[in-house]
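Okay, structure first, notes after.
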Amino acid sequence: MGRREKCRRGQEDKVRCEREWYRMKKQMDEFMNEVARKIRKRLGSGYKAEWNVYYKNNGVPRIGLVISDGVNTASSCIFMDGYYTLYREHTL
C-alpha cells in the first residue's frame, strides 16, 4: 500500500470518526435536553435545571446537570456521563 493510499484511508477514518462524534453529540444533546425538561416539569417553576460541559481540574470534560432554586447561590451538579452510558445501553 502506497503512502497516498494510506493518507486517503486515514482521511476516510477521520471523517467516519468525526461523523460518529457528531452523531453521538447530537444524541447526548437530545438526552440532556430531555432530562433537564423533565426535571423542570417535575420540580415546578421555582427551580432551574440546566446542563453544560464542565472541565474537571485534570482537564477531563464531564456533562453536568445543575439544579438550582434561583434563590440560593449554591446548587447541585450531577455528572450525567454514567447515566447517559446506561441510557445508550438500554439499561436505564
Side-chain angles (χ1 to χ4, degrees):
M1 179 182 311
R3 184 181 184 127
R4 181 170 281 227
E5 290 174 24
K6 279 185 180 178
C7 287
R8 212 174 293 143
R9 197 171 98 200
Q11 282 297 99
E12 290 170 2
D13 289 344
K14 183 179 177 185
V15 169
R16 187 176 65 244
C17 184
E18 286 177 358
R19 283 186 192 143
E20 178 68 15
W21 184 85
Y22 282 113
R23 185 183 65 76
M24 286 182 63
K25 183 183 180 316
K26 182 179 177 188
Q27 290 173 346
M28 172 65 96
D29 290 353
E30 291 169 357
F31 171 75
M32 290 305 300
N33 287 332
E34 183 67 14
V35 168
R37 185 188 68 75
K38 286 184 177 183
I39 289 175
R40 283 192 295 268
K41 183 178 177 182
R42 176 111 184 202
L43 294 178
S45 61
Y47 291 88
K48 292 185 344 184
E50 300 171 333
W51 69 274
N52 204 346
V53 177
Y54 297 95
Y55 291 89
K56 301 291 284 180
N57 292 342
N58 58 2
V60 174
R62 301 289 304 270
I63 306 297
L65 178 69
V66 176
I67 301 170
S68 63
D69 63 3
V71 176
N72 296 307
T73 55
S75 58
S76 300
C77 180
I78 303 165
F79 291 120
M80 300 294 292
D81 307 88
Y83 293 106
Y84 179 66
T85 301
L86 293 173
Y87 169 78
R88 276 190 25 214
E89 294 171 352
H90 305 289
T91 55
L92 179 66

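As a basis for the values below, the full set of heavy atoms in this structure was taken, side chains included, without hydrogen atoms, waters or symmetry mates.
- When side chains are defined from C-beta on, M24 counts as touching R88, because their heavy atoms get closer than 4.5 Å.
- Note that CD1 of I63 and CH2 of W51 are 6.0 Å apart. Values are rounded to the nearest 0.5 Å.
- L43 and V71 fall into different hydrophobic clusters, where Ile, Leu, Val, Met, Phe, Trp and Tyr are joined by side-chain heavy atoms under 4.5 Å apart, directly or via other members.
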Open item on the list: Under the criterion side-chain contact (heavy atoms from CB on, under 4.5 Å), I'd like the reasoning laid out for F79 against K56: C-alpha separation, chi angles, the key distance, then a yes or no.
Closed with: CA-CA 11 Å; F79 291 120; K56 301 291 284 180; 3.9 Å; yes
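- Using a 4.5 Å heavy-atom cutoff, the side chains of N52 and V66 are not in contact.
- Side-chain contact between V35 and Y87 is absent, with no heavy atoms from C-beta onward closer than 4.5 Å.
- For N58 (side chain) and V60 (main-chain N/O), a donor-acceptor pair under 3.5 Å exists by modelled atom type.
- Counted within 6.0 Å of CZ on R23, heavy atoms from surrounding residues, nucleotides or ligands total more than 12; the atom is thus considered enclosed.
- Pairing each heavy atom of S75 with each of I67, the nearest pair is CB-O, 3.3 Å.
- In this structure, Y84 OH and M32 CE are separated by 11.0 Å, a value rounded to the nearest 0.5 Å.
- Here the CD1 atom belonging to I78 is positioned 12.0 Å from the CZ atom belonging to R62, to the nearest 0.5 angstrom.
- Residues Y54 and I39 fall into different hydrophobic clusters, defined by Ile, Leu, Val, Met, Phe, Trp and Tyr side chains chained together at heavy-atom separations under 4.5 Å.
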